[in-house]
Amino acid sequence: MPESSAPIPPRPSSRGAAAPGAGLPPGLRLERLRAEHADALLAFEVENRGYFASHISDRGDAFFAEFGERLAELLIDQDAGELHFHVLVEDDGQIVGRVNLVDVADGSAELGYRIAERWTGRGLATAAVRELCELAAGEYGLKELRAGTNLTNVGSQKVLERTGFVRVGEREYGGRPGIEYVLALGV
């Protein structure tokens, strides 16, 4: 699928009982990841590294040292349709979140997301996941999304449940016990 440099327009969700105004807050937009996001994305990852590591496994020093090379590889994989990476961008260009689909195959993909610590608790993850679910079904033709979180990440569990994901089992995430979820799209 060709990449567009234009932001992805918000779409109304067809899922769940979203409260009025439950879309992305004014001043934020969801964009497909592009090479031009590199500096802002690295700044986002560095700024929030400690916060993320408190909930999930740390990416390690190599991730940061080899960031540019790894991003270039991911963009190639994205162009091939193997993954779909998105960033939440403020009007000033700062990135405040990531919402990604990886392991895309046979109409299914794994959902992952990270929201900047300063944006937590405001419904941003829920709104972003809803938008990405719409894209997954409408733009990418996916039929199912999988997701998971460790047992201690209650906030992430709530996001998944609010967006229609159903608990289907247990699995380890980063060496920690966790919960697996599935969402059937287009239902």
Minimum-distance pair of heavy atoms, taken over all atoms of [X] and [Y]:
| X | Y | value |
| --- | --- | --- |
| Ala40 | Gly93 | CB-O, 3.5 Å |
| Val159 | Ala125 | CG2-CB, 3.8 Å |
| Leu124 | Pro25 | CD1-CD, 3.8 Å |
| Cys133 | Phe165 | SG-CE1, 4.1 Å |
| Leu160 | Ala147 | CD2-CB, 3.6 Å |

* **From CA spacing to verdict: side chain to side chain contact (heavy atoms under 4.5 Å, CB included), Leu74, Leu83** => CA-CA 8 Å; Leu74 290 173; Leu83 51 84; 3.9 Å; yes

* **Audit row: Leu135, Leu30, side chain to side chain contact (heavy atoms under 4.5 Å, CB included) steps and yes/no** => CA-CA 11 Å; Leu135 284 171; Leu30 185 67; 3.9 Å; yes

Under 3.5 Å, is there a donor-acceptor pair between the side chain of [X] and the main chain of [Y]?
| X | Y | value |
| --- | --- | --- |
| Gln157 | Thr149 | no |
| Tyr113 | Thr126 | no |
| Asn48 | Glu117 | yes |

Please table the atom pairs, donor to acceptor, closer than 3.5 Å between any side-chain atom in residues 102-111 and protein atoms at least two apart or in another chain.
unit_1 : atom_1 : unit_2 : atom_2 : d
Ser108 : OG     : Glu144 : OE1    : 3.4
Ser108 : OG     : Arg146 : NH1    : 2.3

* Asked: Do you reckon Leu151 sits in the same ILVMFWY cluster as Val166, going by side-chain contacts under 4.5 Å, direct or chained?
  -> no

* Identify whether Val46 and Val87 are in the same connected component of the hydrophobic contact network (ILVMFWY, side-chain heavy atoms under 4.5 Å). => yes

* Residues two or more places apart in sequence or in another chain: which of them pass salt bridge (charged side-chain N to carboxylate O under 4.0 Å, His left out) with Asp92? ->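 Here no residue qualifies.
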
Tell me, please, which residues at least two apart from [X] pass side chain to side chain donor-acceptor pair (under 3.5 Å).
| X | answer |
| --- | --- |
| Arg171 | none |
| Glu161 | Tyr181 |
| Glu90 | Arg118 |

For the atom pair [atom1] ([X]) and [atom2] ([Y]), what is the distance rounded to the nearest 0.5 Å?
| X | Y | atom1 | atom2 | value |
| --- | --- | --- | --- | --- |
| His86 | Arg98 | NE2 | CZ | 12.0 Å |
| Ile115 | Phe44 | CD1 | CZ | 6.5 Å |
| Tyr140 | Leu185 | OH | CG | 12.5 Å |
| Asp91 | Leu28 | CG | CG | 7.5 Å |
| Leu88 | Glu131 | CG | CD | 8.0 Å |
| Gln78 | Ile76 | CD | CD1 | 11.5 Å |

* Apart from Val168 itself, what residues make up its hydrophobic cluster when side-chain heavy atoms of I, L, V, M, F, W and Y under 4.5 Å apart count as a link, directly or indirectly? -> Val182

* To do: Determine the sole option in Asp39, Val89, Leu33 for which the side-chain contact (heavy atoms from CB on, under 4.5 Å) test with Ile95 is passed.
  => Val89

* So do the side chains of Leu101 and Leu142 get within less than 4.5 Å of each other, counting heavy atoms only? ->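 A side-chain contact under 4.5 Å exists here.
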
